[in-house]
Structure formats: structure tokens, C-alpha cells
Student: 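Got a structure here, written out as C-alpha cells. Questions coming.
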2 protein chains.
Amino acid sequence: MNTLAEENYLKSIYHLSLNAENVSTNQLAAFINTKASSVTDMLKKLADKGLINYTPYQGVTLSKAGEKIAVNIIRKHRLWEYFLVEKLDFKWDEVHEMAEEMEHISSNELIDRLDKFMGYPKHDPHGDPIPDCNGLFKIHNLKPVSAIGVHEGGVICGVRDHSPAFLQYLEKQSLIIGKKITVKEINEFDRSVILQTAGKELQISREVANNLLIAL
Amino acid sequence: MNTLAEENYLKSIYHLSLNAENVSTNQLAAFINTKASSVTDMLKKLADKGLINYTPYQGVTLSKAGEKIAVNIIRKHRLWEYFLVEKLDFKWDEVHEMAEEMEHISSNELIDRLDKFMGYPKHDPHGDPIPDCNGLFKIHNLKPVSAIGVHEGGVICGVRDHSPAFLQYLEKQSLIIGKKITVKEINEFDRSVILQTAGKELQISREVANNLLIAL
DNA sequence: AAATAAATTTAGACAAGTCTAAATTTATTA
DNA sequence: TAATAAATTTAGACTTGTCTAAATTTATTT
Ligand SMILES: [Mn+2]
Ligand SMILES: [Mn+2]
Ligand SMILES: [Mn+2]
Ligand SMILES: [Mn+2]
């Protein structure tokens, strides 16, 4: 099997691949919080194992085999997050770090039974889709609030920033998954957004609007 | 915090300490499945950290700090085993290896909530006591079936051998936790034991009798 | 097209944990 | 008690994953 470090690299390459065709050494180094030279070493190792496509100086993509492993780890991560929130009553800003450890528990039988135990949830506490036991899931097509115009709106279905600080802020504003919102006004000066939600009206910064995802 | 290897050594020293005042280097090496020289290296490290009392050539005991860590890992191990059997429907012979990984998930908040979620169970699937969040538990005073005489009996409350093969055998014979048994006869030749259980009678080898624990 | 800057890789080192082989200490036996 | 055996430790090496500093490659500017 693969080491914990290998799994973390594969998962990171997967996440970074969503925003860039080829993932660069420096991107990975920043994301994983390590040095570029360490990344190079690991990329060689993963390439030897056939888990990535690596051409020196040109960045990497996941191979089919590598992607399968990455998706499986993401499946585990999201199922454990769901478990922590739904069964153990943690808040959505408290579970990520624990799931970072739990995603490396190796047994697939375990994770499949956990999935069944919870009724095959489709989304984790942050709105991210949970791959099924075959690695299949719908990449939902969400837009940041900052990308829609006045009088448009939708349902909050995800977040881009998963930091506890951001999640706590959203919770305090009742901007939680499933909430219906409409853009009422966009401030010309700082592009902050005034939202209309059930009952009340509230203002969010451009920064927040960029990181809050809705389905139209 | 402590590394995975350190945690495994502390746990092993704890288990071996139950049968011997001082735990020897070779005992540990055999138990952990490593070489004596590796054990020596780790013992120095644990002694430097103040987690064990180590005098070269004389074996080790856990310090108060080391024991606390060991008991906490055992608590996690047993709670996860209970979870796997009671919530995810694994059989008692299937859970040990998974729990060996899960016991290293670091969060104590997580394990305390898991404990609460399951209703604060007192014993794991193999009958072993689960330490509470303060590390307290009753070491129950069990006897192997091989240690009692004819016409004596009790309730099955634990096993000495935790191997899948042994556990599967017991299950097949319906010799499970909570079962009431009485010794009906002891074969003089091979010291095998004939048991009377609810309804039927069955014979077990000396080997099995040695590893099956009962409360009188 | 040079020159410079940025990105990436290579070289050499280090810590953790393990191993084999050799040296040392403790226990056992004659 | 001296010799031998068993247990333990030390010495030196190896792997994984990391780091810093130097070398190399690619990209960007003049
Ligand atoms: Mn997460
Ligand atoms: Mn999540
Ligand atoms: Mn176990
Ligand atoms: Mn157990």
C-alpha cells in the first residue's frame, strides 16, 4: 500500500488539478507546506509507482491509478466528516483536522459500512460531494455569490474556504448549507454584496462572496 | 505529541507488564515483531522523554506519564472495537487490526464523544474493560476455564487469545461473552474439558480451556 | 538575443525507525 | 569460580521524508 505522505501528495495533486491542468512543484509545495525540493523527491517516487505523469520542469497530472487512490481518500475524508457532524455532534468548522487523520485508516470495508450506517450521504458538512464506493460522484456546478448579478440568487451549497474562521463566520450569519439567498445590491465602491435571506437582509464582503458557493 | 511507534511501544509495555514486573528487551522485541536492538534504541528515547523507567540490561516499567498514555490508547482501541461491532456490524474476530490503526487518531474530544454516542460501554467485544475518560477501569478478576474443577462453572467474560482463528472457533461453538458454562468432566489423559452449557454439552481442548476466561 | 529572474532539480545532510553483526553484560553450568 | 550460554547493547548501515544551498532549466525583460 501507500504511505501517509504519498496519500497526502496524491490528494493534494487531485485538489490542485481542479484549478489547473498541470500542477507545478511550487504549487504543491505551498499547498502541502513543504519545500519544492521535497516535492521533487516525492514526485519521482510517485512517478516510479505509476501514480502520476511527471515530466521534469513541466508539472504533474494524476494517472488513472493515482486518481483512483486520491478519490478514495477524499471519499473517506468526507464520510468521516459527515460522521463527526451527524453522529458525534461536532460543528462543521471542527471536523476537518480530525478527518485529515481518519482518511488514512486503510480498510475499505470499514468505510463502506460506515457509508451504509449513515444512509449513503451525498454531501459532506461543507457541501462537497461524497464519492460512492466506486469513486463516482457528481461535480456540482456551483458559482460564487460574487459571480452573480443583482436580483439573482440561489441556494447555498458549498464553500471554497474551509478554514474554521470562515465557517464560524458563516454560521454566525446563518449562511449555512441549504439557505436560500438573493443578491439585493452590489456596492460600487468595494463590491461588497447585500443579501436578502428569509426574513432579514445582510451585507457580506467581496472576500466572503468569493468563497460562498450557490446553486442557481 | 508522541509518534505512532512510541505509542505502540508504550501500549506493548503496558500489556506485557500485566504478566511480569519488569518487561525485558527480548519480550518486547517478540511482542512488537522487531529486533532487540531496535527495542533498545526506542527504550532510550522513551526514557529520555520520561515515559518509562529504564536501567540498561534490567528491563523497563512504565512511568506514571507513560502509563497514562498507554491506557488512553487502550481506551481508544477498545472503544473503536466496540463501535465496529455494535454500529457497523463487524464480527468480534474482524475488528482488532482496524482498531490498531484507529487507536492512533489523536483527538481525545473525538473519543469522548464516541464514548457518549455509544452509551459509555464498559467492555469491548472481547470482554476487556474500557477505561473511562479519566483512565479508570476495573481489572476484572477472571479465571481460565482450565483453572477450575469439576462441577464448578461461571459466565464467559473474556479471552486470552485474540486471534481471529480462536475467536471464530469460539463463535462456532457458541462460546461467546455472557454464556454460562459448567465443567462437567476433565479428561485425565489430555486434560481436555467437557462443558455443560444451556442445552448442550461440548468438549474443548486444554489449549482452549486455557484461553477462555470466566467470572465465577 | 542577451541578460536577468523565477521555477525546478540536484547534492548533501539530518531525524526517525529499523536492521545485521559485533561487543558487552548478565545468567547458567560445570 | 571459570567457562559457556543467553540477553542486551553498541556500531554502523539503510529507508523515508524532510531540509538548505547550489546548480540547472525555463520564462521574462530589456
Ligand atoms: Mn475537510
Ligand atoms: Mn469537507
Ligand atoms: Mn484488539
Ligand atoms: Mn478487544
Side-chain angles (χ1 to χ4, degrees), chain A residues 1-17 19-62 66 69-70 73 100-101 103-106, chain B residues 1-14 16-17 19-62 66 69-70 73 100-101 103-104 106:
Chain A
M1 261 300 93
N2 307 292
T3 66
L4 188 142
E6 288 169 350
E7 290 189 345
N8 282 334
Y9 272 87
L10 292 173
K11 186 182 54 152
S12 301
I13 294 167
Y14 181 92
H15 284 310
L16 293 171
S17 291
N19 301 311
E21 190 54 43
N22 270 39
V23 178
S24 77
T25 302
N26 270 358
Q27 266 182 295
L28 264 170
F31 193 77
I32 288 176
N33 235 298
T34 187
K35 296 299 150 83
S37 55
S38 306
V39 173
T40 302
D41 288 343
M42 182 58 90
L43 293 183
K44 284 180 193 161
K45 199 173 150 198
L46 293 173
D48 284 348
K49 282 192 161 196
L51 300 176
I52 60 172
N53 308 114
Y54 172 52
T55 319
Y57 297 100
Q58 302 308 136
V60 289
T61 59
L62 289 175
I69 293 168
I73 293 164
E100 286 288 302
E101 290 183 55
E103 70 191 6
H104 301 289
I105 302 295
S106 58
Chain B
M1 258 303 94
N2 307 292
T3 67
L4 188 143
E6 288 169 351
E7 290 188 346
N8 281 334
Y9 272 88
L10 292 173
K11 186 182 55 152
S12 301
I13 294 168
Y14 181 92
L16 292 171
S17 291
N19 301 311
E21 191 54 43
N22 270 40
V23 178
S24 76
T25 301
N26 270 359
Q27 263 183 297
L28 263 170
F31 193 78
I32 287 176
N33 236 299
T34 185
K35 295 300 150 81
S37 55
S38 306
V39 173
T40 302
D41 288 343
M42 182 57 91
L43 294 183
K44 284 180 193 162
K45 200 173 150 197
L46 293 173
D48 283 348
K49 283 191 159 196
L51 301 176
I52 59 171
N53 308 113
Y54 172 52
T55 318
Y57 296 101
Q58 302 308 135
V60 288
T61 59
L62 289 176
I69 294 167
I73 294 164
E100 287 288 302
E101 290 184 56
E103 70 191 7
H104 301 289
S106 58

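The sequence lines fix the lettering, A, B, ..., with proteins before strands; numbering per chain opens at 1.
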Student: The criterion is side chain to side chain contact (heavy atoms under 4.5 Å, CB included); which residues satisfy it with B:N22, sequence neighbours excluded?
Tutor: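 Only B:T61 meet the side chain to side chain contact (heavy atoms under 4.5 Å, CB included) criterion with B:N22.
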
Student: Using the salt bridge (Lys or Arg N to Asp or Glu O under 4.0 Å) rule, collect all pairs that involve residues 46-62 of chain A, keeping only residues at least two apart or in two chains.
Tutor: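 Every salt bridge (Lys or Arg N to Asp or Glu O under 4.0 Å) pair that includes a residue of residues 46-62 of chain A, provided the two are not neighbours, is A:E6-A:K49.
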
Student: Could you tell me how far apart B:K44 (NZ) and D:dA11 (P) are, to the nearest whole angstrom?
Tutor: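 Taking atom P of D:dA11 as the reference, NZ of B:K44 is at 8 Å.
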
Student: By side chain to side chain donor-acceptor pair (under 3.5 Å), which residues pair with B:E101, not counting sequence neighbours?
Tutor: A:S106

Student: What is the distance from CG of A:L43 to P of C:dT10, rounded to the nearest Å?
Tutor: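 Distance, rounded to whole Å: 11 Å.
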
Student: For A:N2 and D:dT16, what is the distance between atoms CG and C1' respectively, to the nearest whole Å?
Tutor: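 Computing the A:N2:CG to D:dT16:C1' distance gives 14 Å.
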
Student: Going by the rule salt bridge (Lys or Arg N to Asp or Glu O under 4.0 Å), which residues pair with B:K44 if we only count those two or more places apart in sequence or in a different chain?
Tutor: none

Student: Identify each atom pair where a protein N or O and an N or O of nucleotides 23-28 of chain C are less than 3.5 Å apart, giving names and distance.
Tutor:
{"unit_1": "C:dT25", "atom_1": "O4'", "unit_2": "B:Y57", "atom_2": "OH", "d": "3.3"}

Student: Mind running a 4.0 Å heavy-atom check of residues 27-36 of chain A against DNA chain D and sending the residues that fall below it, in number order?
Tutor: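 Heavy-atom cutoff 4.0 Å gives A:T34, A:K35.
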
Student: Identify each donor-acceptor pair in which a side-chain atom of residues 25-43 of chain B lies under 3.5 Å from a protein atom, sequence neighbours left out, and give them as a table.
Tutor:
{"unit_1": "B:Q27", "atom_1": "OE1", "unit_2": "B:S24", "atom_2": "N", "d": "3.0"}
{"unit_1": "B:Q27", "atom_1": "OE1", "unit_2": "B:S24", "atom_2": "OG", "d": "3.4"}
{"unit_1": "B:T40", "atom_1": "OG1", "unit_2": "B:A36", "atom_2": "O", "d": "3.2"}

Student: Please identify each residue that fulfils side chain to side chain contact (heavy atoms under 4.5 Å, CB included) with A:E100, with sequence neighbours left out.
Tutor: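 A:E100 satisfies side chain to side chain contact (heavy atoms under 4.5 Å, CB included) with A:K11, A:H77, A:H96, A:E97, A:E103 only.
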
Student: Any non-hydrogen side-chain atom of A:Y54 less than 4.5 Å from a side-chain atom of A:L46?
Tutor: no

Student: Any base atoms under 4.0 Å from A:T40, or only sugar-phosphate, or nothing? Heavy atoms, all strands.
Tutor: base

Student: Quick check for you: among C:dT9, C:dT18, D:dA11, whose closest atom lies nearest to any side-chain atom of B:S37?
Tutor: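 Minimum distance to the B:S37 side chain belongs to D:dA11.
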
Student: Not counting sequence neighbours, which residues clear side chain to side chain donor-acceptor pair (under 3.5 Å) with B:E7? List them please.
Tutor: B:H104

Student: May I have the distance from A:L46 (atom CG) to D:dT16 (atom C1'), rounded to whole angstrom?
Tutor: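 Taking atom C1' of D:dT16 as the reference, CG of A:L46 is at 13 Å.
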
Student: How long is the line joining CG of B:D41 and C1' of C:dA16, in whole Å?
Tutor: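 It is 10 Å, rounded to the nearest whole Å.
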
Student: Scan every strand shown for a Watson-Crick or G-U wobble partner of C:dT20, both distances under 3.5 Å, and answer none if you come up empty.
Tutor: D:dA11

